[in-house]
Amino acid sequence: MLHSKKVRSGVTNIGCPLLFGAALVASWQTGLLHKILKTDEYILPYPMRIIDIMKENSDKIMLNVNASVKVALIGLLLGSVLGYLIAIIATVFPKYGSGGLTIVSAFNAIPIVALAPVFINWTKDVSDIAEERSMAAKILVVTVTSMAAMSVNAYRGLTELPPFSEDLMKTYAAGRLTEFFKLRFPNSVPYIFTALRVSVPGSVIGALVSEYFAEYIIGVGRQIRENILIAQYATAWAYIVTACIIGIVMYAILMLAESIILKACLHRT
Amino acid sequence: MKNLRKTMAFIAAMTMLTGAFASCGSSENSSEAGKSTVSESSSSSGQTAEMSDSDRIVAAAQAGKVGNWGLGNEYEILALLTKYGQKTEYLSQAFDMDGFDDDSITLASAMTYNELGLVKNDYEGGYGYGDTVGIIDMNNEGVAMLEDNLFCTKEFAEKNPNTVKAFISASMKGWEYACENPEEAAQIVFEAGSSVSSDHQAYMASEVKKLVETDTKGNTVNEYGKMDEEAMQQTLDLAKEYISLDDSTAASKLQTLTLDDIRDTSYWEDASADDFGDPEKTSVSVQLKWLPQCQFMGYYVAKAKGYYDEVGLDVDIVSGGGDIGETTAVNNSTVDFGVTWVSNLISADAGGMDLLEIAQVYQRSGLVLVYKK
Amino acid sequence: MIFIVLFCFISFPEQRNINELKGTISMIEHERNDIEIMLDNVGMVYDSADGKEVTALTSVTMDIHKGEFISLLGPSGCGKTTLLRIIADLIHPTSGNVLIGGVSPKDARLKRRYGMVFQSATLYDWRTVIKNIELPLEITHCPKKERHERAMKMLDLVGLSDFADHYPRQLSGGMQQRVGIARALALQPEILLMDEPFSALDEFTREKLHVDLLKIWRKTNKTIIFVTHNIQESVFLSDRICVLSPHPGRLSAIIDVDLPRPRTMDIKDTPEFTALVSKVRNSFEGV
Amino acid sequence: MKKLKKLLTSKFFITIVWVVMLIAVWELFAFHVENIKRTPENVQPHLSGIVDSLTSDRKINGSQTALQMVIENAKATLTRAGIGYIIGIASGFLLALFMSLSKIVEKTSFPYLMLIQLIPILGMAPIINAITGDIAKSRIIIAAILTFYPVATNTLAGFKSVQREKHELMYSYAANKFQIYTKTMIPACIPYFFTGLKISAPMAITASILVDTLQGGIGLGCLLSQSLKGAMTRYVFWDIVFFSAVIGILSFYIMGIIEIMMCPYRRTGKR
């Protein structure tokens with residue numbers, strides 16, 4: 001009963017979504033989608049046209065991709081490290097720490113669109129060069145948005161330990177540092193990935209939105225906005241597709257890293 | 001004991017955090033120096049006043065401190081920079097004048113009727129620079145592009161010619177009245193829900209009046225909404241040169257556009273001659289390019305004074321200021337009419353929309369570059 | 001004195017002539033019409049992840065009588081749970097036949113001939129104790145009033161009448177398992193299938209539940225098939241113990257337990273009990 | 001766990017301490033900014049200034065004070081967010097249900113479900129607006145899309161979390177599909193469903209505010225961007241930032257309270 005299913009499930013796993021995607025693109029290219037959505041090929045250009053624009057402007061697109069990815073990655077890194085540090089502080093001082101975590105997670109509820117202009121004003125004096133201070137503002141937005149997810153998850157990873165493991169460490173008379181590196185840190189690794197799964201897409205979106213307001217004009221998000229404002233929908237779509245690809249690639253890399261690292265962790269124990 | 005240790009460590013951590021914040025703050029001290037240079041430069045105005053406009057433009061461009069809002073408002077600046085042989089780069093200017101105020105932008109874009117007023121005057125929201133600032137006028141530099149116009153889709157105009165004519169007629173009547181009574185117009189706009197302070201509103205009305213009644217060469221215009229061939233052609237030529245489109249199809253279409261593709265004077269002519277019948281569509285809406293303010297006082301006046309009712313139209317004025325261009329809103333029939341800048345209409349038509357200018361309200365460019373003397 | 005035990009050793013049934021075996025079984029069926037479950041040459045082969053065939057169970061042939069308490073005893077991997085799941089129609093044997101009250105496991109299931117008790121109580125967190133017991137009755141569209149009455153009766157049977165409106169989380173593990181038994185009995189099935197139901201409980205609770213289970217069994221007269229890896233437990237509870245051995249899973253012995261009933265805890269101190277326990281243990285070593 | 005069992009009063013106290021600390025840091029900054037900036041309210045105003053702007057009866061536009069404006073616009077935004085939220089919840093739940101009912105549906109839609117969270121919906125907002133042609137509609141749709149993903153994935157996780165024994169139990173009762181879902185699957189996934197609701201409640205509000213900024217009209221985001229673009233005093237912007245933060249946090253807790261009311265059997269602290 002099972003053996004034939006295995007082969008079949010492999011086929012359906014890839015086949016079904018592919019088929020669906022192909023059907024979607026086909027209905028898009030043939031104009032069926034336009035009829036369903038009651039729109040025109042101006043607002044929703046054909047896929048081939050979008051791809052053409054992407055090909056024609058690959059250099060310019062890559063320039064903007066670089067800028068956006070840089071913001072997303074640096075912000076993600078800073079936010080995650082900061083978030084993890086906050087989680088550590090919260091673990092060391094559980095009484096005040098968890099209260100602080102509640103406050104940090106509340107940042108999640110503030111719309112980034114509101115944060116972006118605030119941060120641009122805050123970072124005005126970071127540098128005389130507009131490109132640098134814009135960068136700082138954008139990174140700050142991404143940092144704040146990815147910090148919350150990391151601190152909450154990492155705190156769980158640092159405190160929700162296997163039963164008796166803490167006691168075991170005590171019987172070894174292990175110091176706090178040993179306890180951290182031998183027990184708490186390894187325990188928190190899967191939680192780090194849980195946080196990253198939320199914050200990686202979040203960092204991309206944070207980068208795109210913060211570009212809207214930045215002083216220095218660069219980035220995929222900014223291009224989407226500029227092109228829509230001058231009514232260049234086909235070009236805007238090219239950048240939207242680019243943004244999707246950035247998100248997908250970053251997520252795929254994360255998944256790959258997760259599977260490799262978690263496997264390595266499993267082998268070790 | 002243990003608790004005490006914990007508390008101490010906690011306090012230490014917090015102190016460190018606060019310290020980090022404080023040091024972060026101290027890096028801002030550099031701007032304190034910046035602030036003092038503001039007063040210095042303004043006090044030593046006599047010395048720098050000798051600088052010519054072209055020197056200013058070159059200096060600011062090379063320092064990378066020319067500002068503009070971008071998003072389709074930048075073409076005149078690009079043309080100006082090109083004129084002086086500078087790289088066509090500018091800073092993205094926020095919608096306040098803080099960047100100008102703190103010197104991160106030395107040559108800032110300003111509309112005569114809005115930002116310039118805020119920079120000069122000291123009413124609420126103003127920076128109070130008074131006459132210590134000077135301007136570079138796009139009209140004088142020969143790079144003026146026409147701004148606020150009225151437009152709709154070709155399809156709508158063909159289907160509802162009388163509605164279009166009636167709307168133009170009543171709107172222009174509104175503009176005429178507003179320009180004759182700018183203070184009353186300002187009050188009407190304020191009561192219509194604008195949140196701009198009434199002082200600034202009054203300033204804006206008087207400045208907008210100038211744009212509506214003076215052409216790019218400084219001559220007085222008596223016919224409201226007239227489409228001046230020469231100014232339109234200059235706008236189209238500059239647009240072809242400075243609107244850069246990534247989409248090659250759109251870019252090549254842009255180069256083929258002629259005035260006849262983007263405007264039709266017949267509706268305005270008939271409207272001026274009061275030569276139109278009953279409107280086909282009586283309930284219409286108009287999308288403004290920006291937030292409700294005196295920039296659009298003609299429409300608010302026409303509505304408040306009942307000019308639209310007189311021609312049998314029920315008009316809904318939709319304020320703008322968002323990311324959705326007014327061109328899109330008109331193109332997908334969210335609204336019937338729109339107010340936009342001619343350059344925006346040109347790029348929309350190049351992109352594949354079928355929009356038609358039906359009246360040109362502003363006869364000259366309201367864009368200036370403002371600098372501290 | 002050592003009890004004389006009927007020792008029925010079914011040695012490697014694949015060596016037997018299957019036709020002959022089938023004949024024997026139909027004969028037995030004629031002779032005794034109180035057979036509840038009939039297993040005929042039941043085998044189960046899985047495909048493992050790397051594509052190899054894994055034999056979970058090789059031809060098991062046996063009869064289980066009405067009202068009998070049967071234990072399936074063996075170490076992990078011996079196929080005892082597989083056998084129970086085959087009877088419960090949760091999996092289909094790759095060879096052989098199963099008849100429950102004369103019908104296939106599927107028909108038996110559709111007729112709700114058996115109730116199941118799992119290793120974990122598998123109670124529904126969001127239902128109170130009484131609502132948990134009512135669950136199967138809801139599924140069979142039993143009228144509301146009758147449903148409640150029957151559930152209360154079952155709850156009474158397991159001695160938890162006072163806890164009807166508690167949520168499962170408020171109960172101890174032993175109490176939860178009692179609710180599980182009450183729920184399995186709610187549809188008044190003829191057969192109770194129990195898959196290591198007490199293995200997660202502490203020794204004290206388990207012993208108490210053993211006695212209680214025997215009481216319930218006596219009152220309700222069900223046929224019970226009880227999967228366990230605990231020798232003492234199987235000896236204390238069962239009429240017969242089916243000893244299963246791993247690699248491949250097979251029925252290696254059936255041991256009759258003719259300790260007198262009703263059994264109490266004291267019986268565990270008797271030499272007969274001890275002797276049976278060692279006999280069962282030896283039956284493993286003998287394999 | 002021991003630490004969680006602290007008395008409510010002390011927990012309350014800790015929160016107060018944190019809030020006071022945050023206020024102190026904010027004010028420290030505000031004083032600093034006040035000294036170096038000509039328009040401190042554009043960078044960071046004093047909290048007292050923000051409170052003043054809310055309580056003052058000065059009319060911002062022709063007829064309303066700041067507080068009246070915020071409340072009126074908040075009503076519009078929250079209504080749209082609410083409608084979008086409900087649509088998102090319903091469609092997210094239904095998709096999860098179909099995915100759990102049919103392997104084909106699950107396999108087909110799961111990669112696309114992942115994709116939805118990777119698409120910059122906020123970047124696409126103008127296009128959705130262009131397609132629908134109605135700003136109010138697109139505001140609702142985007143709130144719905146953002147709600148949709150967390151609800152769908154969490155509900156699906158809830159369906160998958162049902163123990164094998166529970167499936168077997170229902171199987172042994174010969175329960176039909178409808179009974180399996182109403183008696184087992186759906187009640188079992190409720191806590192997961194609420195996790196999704198709690199995540200997406202602030203998101204729906206954020207989205208609604210963000211999409212407001214696309215075009216004029218009524219809504220918190222419109223007001224926010226107008227204030228940012230200098231159409232009215234900057235304090236309105238700060239009022240909205242704080243208001244939206246408070247509403248976002250409240251929405252999270254309100255969903256938590258509803259969950260506790262709906263699930264009396266749940267112990268606290270799970271997930």
Side-chain angles (χ1 to χ4, degrees), chain A residues 38-43 45 49-50 52-57 60-61 64 85-86 88-89 92-97 100 117 120-131 133-134 211-218 222-239, chain B residues 3 6-7 9-10 13-14 17 24-25 27-32 34 63-65 67-68 70-74 89-96 98-99 102-105 243 245-251 323-328 331-332 343-355:
Chain A
K38 291 197 186 75
T39 185
D40 50 35
E41 69 278 359
Y42 179 77
I43 301 291
R49 176 123 189 259
I50 297 172
D52 283 345
I53 294 173
M54 288 175 76
K55 272 194 230 151
E56 280 168 25
N57 298 285
K60 191 177 171 190
I61 289 177
N64 288 299
L85 283 178
I86 290 173
I88 292 177
I89 294 172
V92 178
F93 310 102
K95 200 173 153 192
Y96 278 83
I120 283 162
N121 280 329
W122 281 359
T123 52
K124 261 286 165 60
D125 306 314
V126 166
S127 163
D128 276 343
I129 301 161
E131 188 177 0
R133 55 173 186 263
S134 292
E211 281 162 8
Y212 281 15
F213 297 91
E215 264 184 294
Y216 191 77
I217 302 165
I218 197 155
R222 184 56 171 257
Q223 293 294 344
I224 295 174
R225 186 183 189 213
E226 299 249 338
N227 278 295
I228 282 172
L229 266 167
I230 58 168
Q232 297 298 312
Y233 282 85
T235 316
W237 269 100
Y239 281 103
Chain B
N3 266 338
K6 268 191 190 170
T7 320
F10 179 75
M14 277 347 297
L17 253 179
C24 177
S27 73
E28 289 190 12
N29 284 347
S30 57
S31 77
E32 211 143 357
K65 289 191 167 188
N68 186 268
L71 306 169
N73 302 319
E74 71 272 31
E89 279 174 2
Y90 59 91
L91 284 181
S92 177
Q93 191 175 316
F95 293 103
D96 54 44
D98 284 3
D102 65 22
D103 283 338
S104 55
I105 297 170
I243 297 180
L245 301 174
D246 291 344
D247 179 356
S248 59
T249 322
D323 271 1
I324 293 293
E326 51 288 342
T327 46
T328 303
N331 187 60
N332 66 12
S343 54
N344 297 141
L345 186 134
I346 292 170
S347 62
D349 274 358
M353 289 188 187
D354 238 358
L355 305 176

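In what follows, chains carry the letters A, B, and so on, assigned in the order in which the sequence lines appear, proteins first and then strands, with residues in each chain numbered from 1.
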With a 4.5 Å heavy-atom cut-off, do [X] and [Y] have their side chains touching?
X: Ile228(A); Y: Tyr233(A); result: yes
X: Tyr239(A); Y: Lys60(A); result: yes
X: Asp246(B); Y: Gln232(A); result: no

Counting heavy-atom pairs under 4.5 Å to chain A, which of Ala250(B), Gly67(B), Ser104(B) comes out on top?
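Winner by heavy-atom pair count: Ser104(B).
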Run the salt-bridge test on Arg49(A) and Asp247(B) with the 4.0 Å N-O cut-off and return the result as yes or no.
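Yes.
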Segment of Asn331(B) engaging chain A (4.5 angstrom heavy-atom cut-off):
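Just its side chain gets close to chain A.
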Given a strict heavy-atom distance threshold of 4.5 Å, which part of Leu91(B) is in contact with chain A: side chain, backbone, both, or neither?
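For Leu91(B), the contact with chain A is made by backbone and side chain together.
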Against chain B, work out which of Ile43(A), Ile120(A), Ile230(A), Ile53(A) has the most heavy-atom pairs shorter than 4.5 Å and name it.
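Top count of heavy-atom pairs under 4.5 Å with chain B: Ile230(A).
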